[in-house]
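Here the structure is laid out as C-alpha cells; the discussion comes afterwards.
One is the number of the first residue; the rest follow in order along the sequence. All heavy atoms count here, side chains included; hydrogens, waters and symmetry mates do not. Just so you know, these numbers come straight off a predicted model, no measurement behind them.
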Amino acid sequence: MNRTFRFSTPILLFIALISFLPKSIIGQELKQDKNDIFVLSNLIYRSDDRLLNGKYYIPKHFFAEGHPYFISNDWVNSTLFIKGIKYEEVPLKYNIEDDHIIIKAVYKNRISKDILMHNTFVDSIYLNHHIIHNTANQYPENNIGFAELIYKGKNYAYLKHVVEFKDELSERLKYGKYLPEKKFLYLYDGSTFTLIQKKKNLYSYFPEQEKAIKQYMRKNDILFRKATAEQLTHLIQFCEHL
C-alpha cells in the first residue's frame with residue numbers, strides 16, 4: 001500500500017498544480033499549439049458531430065464507366081443545412097443512384113475520408129446553384145426523398161434526379177456503366193406529390209388550361225420529355241397564372 005501511495009503522489013501533485021495554473025497560461029499554450037489555420041478550421045468546422053454523423057462511404061461501382069453523382073463526379077463546395085444549422089463550403093457529392101449525400105471530411109492529420117451522411121440529419125443542400133430539398137424531413141408522410149426545387153408558387157415543382165447502373169460486361173466495359181441521368185417532374189400541392197411523367201399528366205393537373213398549355217408548348221418549342229429545368233419552371237409558372 002505504501003508503495004502504491006508513493007507512486008501515485010507525484011501524479012496527484014501534478015494534477016493539483018495544473019488545476020491552479022492561470023487559465024490565461026493554458027489558453028496561450030493551446031493557442032500556440034493550434035496556430036495552424038488548417039488545424040483550427042478542422043477543429044471548429046469538420047469535427048462537428050452533426051456534420052460528420054454518418055459512416056465511411058465506399059462507391060458501389062468504382063471502376064464503372066460514368067458515375068452516380070448529380071452534375072459532376074468532382075467534389076463541389078456547397079452549402080449544407082443540418083437540423084437548421086448552416087454549413088458553408090462543404091465539399092460534397094449527391095449520389096442520385098442511392099439518394100444519399102457524401103461529404104469529404106479532412107481530419108487534423110490531413111487524412112481525408114468520404115462520409116455517407118444519414119439522410120435524417122440533412123435538411124437541404126445548395127449545390128452549384130441547385131436547391132436540393134430532403135422532402136422526407138419536410139413532408140415525412142408523403143415524400144420523394146432528395147429532389148431539386150425548381151419552382152415555388154401555388155404548387156412546388158421538384159425534379160427527381162435518378163441514374164441507373166447497367167451491369168453489362170464486355171471487352172470494352174469490364175466493370176459495367178452508368179446510363180445517362182433521368183429526371184422526373186413532381187408537383188406538390190401542400191399535401192401530395194404528383195408525378196408529371198408526360199404532358200397528358202400536366203393537362204390532367206391543370207384541366208381548365210389544357211388548350212392554352214398546348215399553345216404555349218408549341219410556341220416555345222417545348223418537348224416535355226426533353227424539357228430543361230428552366231423550360232419546366234416557366235411552363236409551371238405559366239400554368240399557375242392563367
| task | Taking the six-membered ring for Trp and the full ring for Phe, Tyr or His, determine whether the centres of His130 and Phe70 are under 6.0 Å apart. | result | yes
Is the charged tip of [X] near the ring of [Y]: under 6.0 Å from the six-membered ring centre and within 45° of its axis?
X      : Y      : value
Lys86  : Phe81  : no
Lys166 : Tyr178 : no
Lys214 : Tyr203 : yes

Within the structure provided, determine whether [X] and [Y] are in side-chain contact (heavy-atom separation under 4.5 Å).
X      : Y      : result
Leu232 : Ile150 : yes
Pro59  : Tyr69  : yes
Phe206 : Leu187 : yes
Lys104 : Leu92  : no
Thr192 : Tyr188 : no
Leu185 : Ile236 : yes
Val76  : Ile71  : no
His61  : Glu97  : yes

Treating [X] as the side-chain partner and [Y] as the backbone partner, does any N or O pair qualify as donor plus acceptor under 3.5 Å?
X      : Y      : answer
Asp123 : Lys83  : yes
Tyr87  : Ser78  : no
Asn119 : Asn134 : no
Asn143 : Gly145 : yes
Asn220 : Ile222 : no

| Any side-chain donor near an acceptor of the partner, Asn137 and Thr135, under 3.5 Å |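 On atom types as modelled, these side chains do not qualify, holding no pair under 3.5 Å.
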ILVMFWY network linking [X] to [Y], side-chain heavy atoms under 4.5 angstrom:
X      : Y      : result
Val163 : Tyr175 : no
Ile115 : Ile85  : yes
Phe165 : Val162 : no
Leu169 : Leu173 : no
Tyr56  : Val122 : yes

| task | Take Ile196 and Phe224, measure what side chain to side chain contact (heavy atoms under 4.5 Å, CB included) needs, and give me the verdict at the end. | result | CA-CA 10 Å; Ile196 310 297; Phe224 189 81; 3.5 Å; yes
Please report the shortest heavy-atom distance between [X] and [Y], naming the atom on each side.
X      : Y      : answer
Leu159 : Ala229 : CD1-CB, 3.7 Å
Lys226 : Gln231 : O-OE1, 4.4 Å
Pro207 : Ser204 : CD-O, 3.3 Å

Roughly how far apart are [X] [atom1] and [Y] [atom2], rounded to 0.5 Å?
X      : Y      : atom1 : atom2 : value
Gln237 : Leu235 : CD    : CG    : 10.5 Å
Tyr94  : Leu127 : OH    : CG    : 10.5 Å
His118 : Leu116 : NE2   : CG    : 8.0 Å
Asn142 : Ser191 : CG    : OG    : 7.5 Å
Glu88  : Asn77  : CD    : CG    : 11.0 Å
Met117 : Leu80  : CE    : CG    : 5.5 Å

Does atom [atom1] of [X] have more than 12 heavy-atom neighbours from other groups under 6.0 Å away?
X      : atom1 : value
Lys183 : NZ    : yes
Glu208 : CD    : no
Leu242 : CG    : yes

| query | What's the verdict on side chain to side chain contact (heavy atoms under 4.5 Å, CB included) for Tyr216 and Lys219, showing C-alpha distance, side-chain angles and the deciding distance? | reply | CA-CA 5 Å; Tyr216 178 88; Lys219 181 181 178 181; 5.8 Å; no
| query | Only one of Ile82, Ile103, Ile101 forms a side-chain contact (heavy atoms from CB on, under 4.5 Å) with Val90, so which one is it? | reply | Ile103
| Test side chain to side chain contact (heavy atoms under 4.5 Å, CB included) applied to Asn95 and Ile102, step by step | CA-CA 7 Å; Asn95 184 317; Ile102 302 100; 3.6 Å; yes
| message | Between Asp114 and Lys93, does any NZ, NE, NH1 or NH2 come within less than 4.0 Å of an OD or OE carboxylate oxygen? | response | no
| Going by the side chain to side chain donor-acceptor pair (under 3.5 Å) test, which pairs reach into residues 151-163, not counting sequence neighbours? |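 Sorted pair list: Asp99-Lys160, His133-Tyr158, Tyr139-Tyr158, Glu148-His161, Tyr151-Glu240, Asn155-Tyr205, Asn155-Glu240, His161-Glu181.
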| said: Could you go through Ile213 and Glu210, starting from their C-alpha distance and side-chain angles, then the distance that decides it, and tell me whether this counts as side chain to side chain contact (heavy atoms under 4.5 Å, CB included)? | reply: CA-CA 5 Å; Ile213 294 172; Glu210 180 176 344; 5.7 Å; no
